[in-house]
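Side-chain atoms are counted along with the backbone in the values below, which use heavy atoms only and exclude waters and symmetry mates. Remember, predicted model here, so these are calculated numbers, not experimental data.
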Amino acid sequence: MLVVTKFGGSSLSCATQFAKVKKIVLSDAKRKIVVVSALGKRDSSDTKITDLLYILHAHLKFGVPYMDIWNMICSRFIEIKKELQLDYDVESELSSLYKELNKTISEDYLVSRGEYFTAKLMSNYLGYQFVDAKDLISFSYDGKVDYALTEKRVRLAFSEYGTIVVPGFYGSYPNGSVKLLSRGGSDVTGSILSKCLMVSLYENWTDVPGILTADPRIISNPKAIREITYAELRELSYMGANVLHEETVFPVQSLNIPINLKSTNDPDNPGTFIKNVCEDTSSTVTGLAGKIDFISFNIFKNHMSNEIGFLRKALTIFEKFNVSIEHIPSGIDSFSVVVPLSSVEKCKYEIITELKQELKAEVTVDEDIALVAVVGRNMVNKSGLCGAIFQTMGEEKINVKLLAQGPQELNIIIGISKEDYEKTIKTLYQKLLA
């Protein structure tokens, strides 16, 4: 039995949090591979180390004075070293990095130092071997993980040292230069290592006790989800439930390695288990998520359904402008193309013009769209669910602008006005999950 254990920035914000991490790791001998993010916020007024490093890079690039930012970064690491009485000479390594600071320094390299120094501190504190992520995770020049080489490196490092700490969020190109993952990428680092070592469990420790059934900014104290499938998580993550980086599931899903999302501040809470198959059938709906700021291009033409290639012609226009499509609800003589408003801010009128010219159709737009996803593996073949949703929303006088359901019956997407977004979440939560 082997476990990869990843800790987010909130779990590593100060010496007190480091102590919690050490207690968690050493309480289970299976936790032999530890992945860390960079130091997070100590309180709501604080700034993440990663954000400070991005700001530092911008100051260097544009010739803006940067010593205040640099001193803030150094003080965070030195403070933890002193409070934990570590013998890692972080001051010397920070001094070496300071000599590299100039306007041409790689942003990926500089920003990755947040995870690098955090991992160095943690490895010293735990008594585990530090192994640099750039020596483990290999990317090809097109940005894809080279799993054959990465697995070879990971297995070799683990067999040599037995217990390791790895910085998350980055790897390296074939030439050795550092490549960052997208924000939140430390989750993906842990997932990659889990796949390479074929572990029994991937633990992801953060500041929340698992995945919640709805946004706590809208619903007060929403229920936690105890079990969720990879597919459900993908749906919720894509629609805004940003507990885990949405790319985290792919490396582990094919091997059916479960993910356990837990809270560093409440380690006895079982958290949420994410896996291929879940046995819990106690709730029809697993969770709610949503996003605002969508636009719908509404296309109408008589006898549209008789024109072969009509939809393809429309979608080709969106592809030309590099616009990703969310949903395409349709009727006999009309269909809508729903996309993020931000993706067409600079080309909205050009798209409308080309749709009219190419399709000889009537085109209107609706920029007042928010989407809410009702997600649940137990919705399959469940009669009356849509009826209950419509009835409840009708009673609250919420107008449904569009409705879409995937063929797996895993989710129902409801389009409403942005002003009705929070009201819709609250209404559906009370009906389906309370």
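The line from CG of L355 to CD1 of I317 is 4.5 Å long, rounded to the nearest 0.5 Å. Note: L53 CG to H57 NE2 = 10.5 Å, rounded to the nearest 0.5 Å. Note that CG of D366 and CZ of F294 are 13.0 Å apart. Values are rounded to the nearest 0.5 Å. Interatomic distance, S343 OG to K346 NZ, rounded to the nearest 0.5 Å: 12.0 Å. Atom CG of L432 and atom CG of L428 lie 5.5 Å apart (nearest 0.5 Å). To the nearest 0.5 angstrom, K20 atom NZ is 11.5 Å from W205 atom CH2.
D28 contributes no side-chain N or O that, together with a main-chain N or O of L26, makes up a donor-acceptor pair within less than 3.5 Å. Using modelled atom types, one side-chain atom of D108 and one backbone atom of L180 make a donor-acceptor pair closer than 3.5 Å. Looking only at distances, no side-chain donor or acceptor of S330 sits under 3.5 Å from a matching main-chain atom of F335. A donor-acceptor pair is defined here as one N or O able to donate and one able to accept, closer than 3.5 Å; such a pair exists between the side chain of H245 and the backbone of E247. At least one donor-acceptor pair closer than 3.5 Å links the side chain of E115 to the backbone N or O of A38. Formation of a donor-acceptor pair under 3.5 Å by the S96 side chain with backbone atoms of S92 is found in this model. At least one donor-acceptor pair closer than 3.5 Å links the side chain of Y202 to the backbone N or O of D187. Using modelled atom types, one side-chain atom of T118 and one backbone atom of G114 make a donor-acceptor pair closer than 3.5 Å. A donor-acceptor pair under 3.5 Å is formed between the side chain of N378 and the backbone N or O of S283. With hydrogens and angles disregarded, a donor-acceptor distance shorter than 3.5 Å links the side chain of N260 to the backbone of P270.
Applying the side-chain contact (heavy atoms from CB on, under 4.5 Å) criterion to A289, with sequence neighbours excluded, gives L236, M239, A241. Applying the salt bridge (charged side-chain N to carboxylate O under 4.0 Å, His left out) rule to K320 yields the partners E354; only residues at least two apart in sequence or on another chain are considered. Looking at residues two or more places apart in sequence or on another chain, you find a side-chain hydrogen bond (donor to acceptor under 3.5 Å, both in side chains) between D368 and S417. Residues satisfying the side-chain contact (heavy atoms from CB on, under 4.5 Å) criterion with E151, sequence neighbours excluded, are R155, C196. Residues passing the side-chain contact (heavy atoms from CB on, under 4.5 Å) test with T353 are Q357, sequence neighbours excluded.
Looking only at atom types and distance, the side chain of N265 has no donor-acceptor partner in the side chain of D207 under 3.5 Å away. Side-chain N/O atoms of D146 and S140 include no donor and acceptor closer than 3.5 Å. The closest side-chain donor-acceptor pair between D266 and S263, if any, does not fall under 3.5 angstrom. A donor-acceptor pair shorter than 3.5 Å can be found between the side chains of T286 and E232. With hydrogens and angles left out, the side-chain atoms of N124 and D87 include a donor and acceptor closer than 3.5 Å.
The local environment of OH in Y141 is crowded, with over 12 non-hydrogen atoms from other residues, nucleotides or ligands closer than 6.0 Å. Few gaps surround NZ on K291; more than 12 heavy atoms of other groups in view lie less than 6.0 Å from it. Enclosure of atom NZ in K275 by more than 12 non-hydrogen atoms of other residues, nucleotides or ligands within 6.0 angstrom is indicated. For CD of E350, the number of neighbouring non-hydrogen atoms (other residues, nucleotides, ligands) closer than 6.0 Å is greater than 12. No more than 12 heavy-atom neighbours from other residues, nucleotides or ligands sit within 6.0 angstrom of NZ on K152. Annotation: N322, atom CG; neighbour count of heavy atoms from other residues, nucleotides and ligands within 6.0 Å does not exceed 12.
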Pair T213, Y429 - check side chain to side chain contact (heavy atoms under 4.5 Å, CB included), show working.
CA-CA 8 Å; T213 48; Y429 184 87; 3.3 Å; yes
I would like to know whether D51 and K41 meet salt bridge (Lys or Arg N to Asp or Glu O under 4.0 Å); could you show each step before the answer?
CA-CA 10 Å; D51 291 330; K41 291 183 178 183; over 6 Å; no
Can L101 and L110 be said to form a side chain to side chain contact (heavy atoms under 4.5 Å, CB included), step by step?
CA-CA 9 Å; L101 298 182; L110 180 59; 3.9 Å; yes
Decide salt bridge (Lys or Arg N to Asp or Glu O under 4.0 Å) for K61 and E107; before the verdict, give the C-alpha distance in whole Å, the side-chain angles of both, and the deciding distance to 0.1 Å.
CA-CA 9 Å; K61 182 178 179 180; E107 181 178 61; over 6 Å; no
After noting the C-alpha distance and the side-chain angles of I211 and I274, does the key distance pass the side chain to side chain contact (heavy atoms under 4.5 Å, CB included) rule?
CA-CA 10 Å; I211 301 171; I274 308 157; 4.0 Å; yes
Step by step, would you call E91 with K82 a salt bridge (Lys or Arg N to Asp or Glu O under 4.0 Å)?
CA-CA 11 Å; E91 294 89 346; K82 290 181 177 178; 5.4 Å; no
Evaluate the side chain to side chain contact (heavy atoms under 4.5 Å, CB included) criterion for residues T50 and F169: first the C-alpha distance (whole Å), next the side-chain angles of each, then the deciding distance (0.1 Å), finally the verdict.
CA-CA 10 Å; T50 297; F169 194 33; 4.2 Å; yes
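Residues D280 and R226 are not paired through a salt bridge, judged by the lack of any N-O separation under 4.0 Å between the basic side chain and the carboxylate. Salt-bridge formation is not detected for the pair E409/K382: no Lys NZ or Arg NE/NH1/NH2 atom is positioned less than 4.0 Å from an Asp or Glu carboxylate oxygen. A salt bridge is absent between R153 and D135: the closest approach of a Lys/Arg side-chain nitrogen to an acidic carboxylate oxygen does not fall below 4.0 angstrom. In this structure, D46 pairs ionically with R76, as a charged nitrogen and a carboxylate oxygen lie closer than 4.0 Å. A salt bridge does not link K6 with E203: every distance from a Lys NZ or Arg NE/NH1/NH2 to an Asp or Glu carboxylate oxygen is 4.0 Å or more. Salt bridge E367/K348: present, at least one basic N to carboxylate O contact under 4.0 Å.
Contact record, S336 with N298: OG-OD1, 2.7 Å, taken as the closest heavy-atom pair. Across all non-hydrogen atoms, the minimal contact from K81 to V90 is CD-CG1, 3.8 Å. Residues S194 and V4 share a closest heavy-atom pair of OG-CB, 3.4 Å. When all heavy atoms of I137 and Y170 are compared, the closest pair comes out as CD1-O, 4.3 Å. Minimum interatomic distance between P167 and A133 (heavy atoms only, all atoms of both residues): O-CB, 3.2 Å.
Separation of the F297 and F318 ring centroids falls under the 6.0 Å cut-off. Aromatic pair Y109/Y116: ring centres not closer than 6.0 Å.
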Would you mind writing out the side-chain donor-acceptor pairs for residues 63-75 within the sub-3.5 Å range, not counting sequence neighbours?
unit_1: N71; atom_1: ND2; unit_2: M67; atom_2: O; d: 3.2
unit_1: S75; atom_1: OG; unit_2: N71; atom_2: O; d: 3.2
unit_1: S75; atom_1: OG; unit_2: M72; atom_2: O; d: 2.8

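A cation-pi contact links K195 to Y147, judged by a cut-off of 6.0 Å to the six-membered ring centre and 45° from its axis.
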